[in-house]
Amino acid sequence: MSRDRVNTANLLVELFVEELPPKALKKLGEAFASVLAESLVAQGLAEADAVVTNFASPRRLAVYITDVVEQAKTKWISQKLMPVSVGHDANGQVTPALLKKLASFGFGEDFVDSLTIASDAKTEALFLEIQIPGMGLQGRLQKAIGDALTKLPIPKMMTYQLADGWSSVNFVRPVHGLVALHGTEVVPVSVLGLAAGRETQGHRFEARVSPVSIQSADSYAAQLRDEGAVIASFAERRAEIVRQLQAAAAPLGLTPVEDDALLDEVTALVERPNVLVGKFEEAFLDVPQECLILTMKANQKYFPLLDAAGRLTHQFLIVSNIAPADASAVVGGNERVVRPRLADAKFFFDQDRRKTLESRVPGLARVVYHNKLGSQGERVERVAAIARAIGTMLGNEALAVAAERAAVLAKADLLTEMIGEFPELQGIMGRYYALHDGLPAEIADAIEDHYKPKFAGDTLPRNDVGVVVALADKLETLVGLFGIGEKPTGDKDPFALRRHALGVVRMLTEKSLPLNLPDLIDVAAASFAGIAAFKKQIVMDELESRFIYDRLANSLRDGGASAQSVDAVLALRPARLVDVAKRLAAVHQFATLAEAPALAAANKRVGNILKKAESEVGERADPARFVEDAEKALFAALGDIAPQADADFDAGDYTASLQALAALKAPVDAFFDTVMVNADDPALKANRLALLNQLHRTMNRVADLSRLAA
């Protein structure tokens with residue numbers, strides 16, 4: 001058996017800390033494990049295929065790595081440094097260049113005599129050849145832990161004093177213990193003022209043994225579970241919570257609310273979960289269930305229970321961190337705590353319904369939207385005007401009136417007490433209050449839906465009024481903020497403009513709206529007339545020409561469309577986004593034609609020639625000026641093919657329009673084989689450029705075919 005194999009064992013490192021931020025715990029655990037493992041692999045102490053297991057509980061971050069060696073392998077370095085003529089001067093003395101090169105490898109001048117001289121087939125050169133003993137685990141692990149701590153995605157650092165009363169360190173929470181085991185042996189490393197050992201702490205109240213002395217890296221998880229009453233693995237603890245939630249709900253014939261974020265947060269709050277069933281008075285169910293669900297999830301971390309129809313019931317699930325023999329006190333305490341929360345929600349709901357949404361609209365004039373764009377009241381006026389205009393553009397006056405009405409009321413719930421307490425319910429409460437005021441369902445639904453889509457994969461508004469108001473709201477936001485220079489930069493997008501743009505794209509395409517994007521942006525920009533800070537040119541240059549199409553391009557590529565086809569179609573900036581899918585399909589079909597590669601290459605060549613033209617190029621060639629048979633033939637082919645291709649394009653048959661171009665291959669090839677475009681005769685040259693301009697226009701109505709060229 002090799003020495004390396006003998007000295008291989010599994011490694012465990014654990015930091016025992018005070019309660020970590022629950023919303024950050026999952027990422028902290030993953031980052032601690034991955035960075036520490038990557039550092040050990042880079043230092044030659046672990047293989048790239050080592051199994052890495054991360055542990056993260058409210059009071060610990062830990063990592064288990066398989067097959068870590070006690071000492072890295074010896075390394076041989078054989079490196080050409082430089083020609084002898086560069087490393088030694090005319091007197092044979094060492095040059096500064098050689099000393100600098102040695103220093104880059106960590107060696108000083110005393111190492112010069114160890115260099116060898118050999119021929120590299122061109123000249124004699126100086127070579128560095130040395131055997132470097134592998135470093136031991138202690139020093140390398142010390143570095144790996146340091147790397148992991150440095151790169152942790154800590155939301156907010158805190159400073160705390162060490163046990164000596166003088167020193168202080170920075171970390172996300174105070175650290176009280178460090179375990180580092182290579183197999184059964186403690187690795188003598190230290191971090192944050194703590195020396196490594198084998199002892200850790202289990203559950204605060206239910207640990208069978210305190211402290212827990214970890215026998216080996218392999219026994220860590222089992223000992224914590226059996227002796228410490230802690231499920232150290234975040235994933236295992238989460239799965240156990242899911243199992244218990246389902247087991248508790250099943251006998252009741254109910255289903256827990258699904259919420260991955262809540263599940264992750266609760267997993268980060270308990271060390272050994274124990275799910276219990278609680279109840280509240282059924283009278284609270286008169287309050288909209290969204291309010292009750294939100295207050296239970298956000299404030300109490302409970303899992304509300306739904307019936308088979310998806311309606312909220314008066315029962316909920318508690319994930320407790322203790323498992324007493326008699327859980328009635330735990331359940332009773334939680335029921336007492338949630339009751340005032342629900343009572344507050346009922347009070348807000350009852351109070352809010354004393355005033356109509358209509359009566360709240362004037363109050364929006366006192367709410368600042370943006371210091372350069374005025375109040376929420378002014379914003380509502382703009383959204384209403386845009387919504388009415390969109391309805392008119394769709395040729396539906398009744399829709400225009402309804403959309404304007406919904407837009408006026410859409411932000412009124414911002415002034416209610418319920419939204420003051422739960423901003424997440426914007427729009428949702430507006431719908432309830434609108435129905436209470438006796439407004440039509442399509443208006444009420446539009447008030448809720450005008451925020452949609454709120455995130456990737458979210459549903460779109462459920463009716464036409466909602467679509468129009470949502471489109472108007474997003475366009476007002478995009479055009480207004482771009483117009484005052486508030487555009488996203490890098491990964492910063494404080495106004496969620498990328499999400500708004502993608503929402504516009506989705507509504508125009510998925511709802512098959514026959515609307516031109518430039519017209520929509522013009523209508524939105526017109527609503528900002530009179531605002532000094534607003535610059536329409538920025539909107540046209542940045543938003544209309546690039547930003548929205550970039551979002552569309554990303555969406556199409558994510559959906560599986562080829563980047564080349566997407567670039568070809570969107571290079572023309574098609575005004576109607578609803579046509580883009582048909583254009584992509586046509587380009588895909590065109591690309592399968594035998595003539596496609598040659599036509600794409602020719603189109604690219606034509607485009608380059610036209611770009612280099614020194615004067616304005618004519619729109620149409622004069623056949624009387626043709627000299628060569630090939631240019632006459634190309635002109636004749638265009639005369640035959642262009643009308644049909646244009647007719648197909650105008651009819652929306654983009655596939656037929658592109659496939660008609662296949663017949664141009666032969667005359668185009670002949671033209672470039674025999675015709676000199678840049679003729680000495682200026683009139684002849686201009687006529688040939690005009691012919692190419694005709695060809696270019698005919699070929700590029702559906703897409704910029706030059707983007708398909710290899």
Side-chain angles (χ1 to χ4, degrees), residues 1-16 28-56 60-79 104-107 111 114 128-152 175 177-200 212-225 232-236:
M1 185 176 290
S2 71
R3 181 176 181 274
D4 288 331
R5 183 64 181 166
V6 170
N7 292 336
T8 297
N10 299 328
L11 176 74
L12 172 83
V13 177
E14 182 208 67
L15 290 177
F16 182 74
L28 288 172
E30 292 169 348
F32 181 71
S34 63
V35 175
L36 194 148
E38 288 166 6
S39 180
L40 290 179
V41 170
Q43 296 180 85
L45 292 172
E47 298 296 331
D49 61 354
V51 177
V52 179
T53 305
N54 81 77
F55 299 94
R60 75 196 75 242
L61 298 174
V63 56
Y64 171 85
I65 307 168
T66 60
D67 299 325
V68 174
V69 297
E70 187 177 24
Q71 184 169 350
K73 294 178 181 178
T74 297
K75 282 186 178 181
W76 274 96
I77 294 180
S78 181
Q79 175 71 43
S104 70
F105 287 95
F107 300 112
F111 200 78
S114 301
L128 170 66
E129 293 185 346
I130 186 171
Q131 185 181 37
I132 300 179
M135 292 289 290
L137 176 60
Q138 179 181 350
R140 294 308 194 189
L141 180 58
Q142 185 76 53
K143 180 182 184 304
I145 296 174
D147 291 343
L149 296 186
T150 301
K151 296 179 180 179
L152 277 182
V175 181
L178 172 65
V179 174
L181 293 174
H182 186 233
T184 60
E185 300 299 318
V186 173
V187 184
V189 294
S190 60
V191 65
L192 300 173
L194 297 167
R198 64 173 68 248
E199 290 187 347
T200 187
V212 179
S213 180
I214 307 300
Q215 298 169 6
S216 72
D218 295 343
S219 68
Y220 174 73
Q223 280 191 261
L224 271 180
R225 181 187 290 270
S233 166
F234 189 96
E236 288 182 22

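Scope of the values below: all heavy atoms of this structure, side chains included, with no hydrogens, waters or symmetry mates.
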Could you walk me through whether V179 and V186 pass side-chain contact (heavy atoms from CB on, under 4.5 Å), step by step? CA-CA 8 Å; V179 174; V186 173; over 6 Å; no
Residues Q215, S219; criterion side chain to side chain donor-acceptor pair (under 3.5 Å); working and verdict: CA-CA 6 Å; Q215 298 169 6; S219 68; 4.7 Å; no
Output, in order, the C-alpha distance, side-chain angles, deciding distance and verdict of side-chain contact (heavy atoms from CB on, under 4.5 Å) for E185 and E70. CA-CA 11 Å; E185 300 299 318; E70 187 177 24; over 6 Å; no
Step by step, work out the side-chain contact (heavy atoms from CB on, under 4.5 Å) result for F32 and L15. CA-CA 10 Å; F32 181 71; L15 290 177; 3.9 Å; yes
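Interatomic distance, F234 CZ to L28 CG, rounded to the nearest 0.5 Å: 10.5 Å. Between the OG1 atom of T66 and the CG atom of L11 there is a distance of 10.0 Å, given to the nearest 0.5 Å. For the atom pair CG (N7) and CG (L137), the distance works out to 10.5 Å, reported to the nearest 0.5 Å. Within the model, atoms OH of Y220 and CZ of R225 stand 12.5 Å from one another, a figure rounded to the nearest 0.5 Å. A distance of 8.5 Å separates OG1 of T8 from CD of E47, quoted to the nearest 0.5 Å.
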Donor-acceptor contacts under 3.5 Å from residues 142-150 side chains, at least two apart:
| residue | atom | partner | partner atom | Å |
| --- | --- | --- | --- | --- |
| Q142 | OE1 | S190 | N | 3.0 |
| Q142 | NE2 | S190 | O | 2.3 |
| K143 | NZ | D147 | OD2 | 3.0 |
| D147 | OD2 | S39 | OG | 2.9 |
| T150 | OG1 | G146 | O | 2.8 |

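Closest of all the heavy-atom pairs between V63 and I65 is CG2-CG1, 3.7 Å. Between A217 and L181, the shortest heavy-atom contact is CB-O, 3.9 Å. Pairing each heavy atom of S216 with each of Q223, the nearest pair is N-OE1, 4.4 Å. Across all non-hydrogen atoms, the minimal contact from A37 to V52 is CB-CG2, 3.6 Å. Heavy-atom minimum distance, V69 versus G44: CG2-O, 3.9 Å. In terms of heavy atoms, V189 sits closest to A180 at CG2-CB, 3.9 Å.
Residues E14 and T200 bring a donor and an acceptor atom of their side chains to less than 3.5 Å of each other. Using modelled atom types and a 3.5 Å distance limit, the side chains of Y64 and D218 yield a donor-acceptor pair.
Checked against salt bridge (charged side-chain N to carboxylate O under 4.0 Å, His left out), R140 has no partners two or more places apart in sequence or in another chain.
Shown here is E30, whose CD atom has more than 12 heavy atoms of other residues, nucleotides or ligands within 6.0 Å.
Counting only distance, with no hydrogens or angles, the side chain of H182 and the backbone of N10 share no donor-acceptor pair below 3.5 Å. Proximity of a side-chain donor or acceptor of R60 to a complementary backbone N or O of F16 within less than 3.5 Å is not detected.
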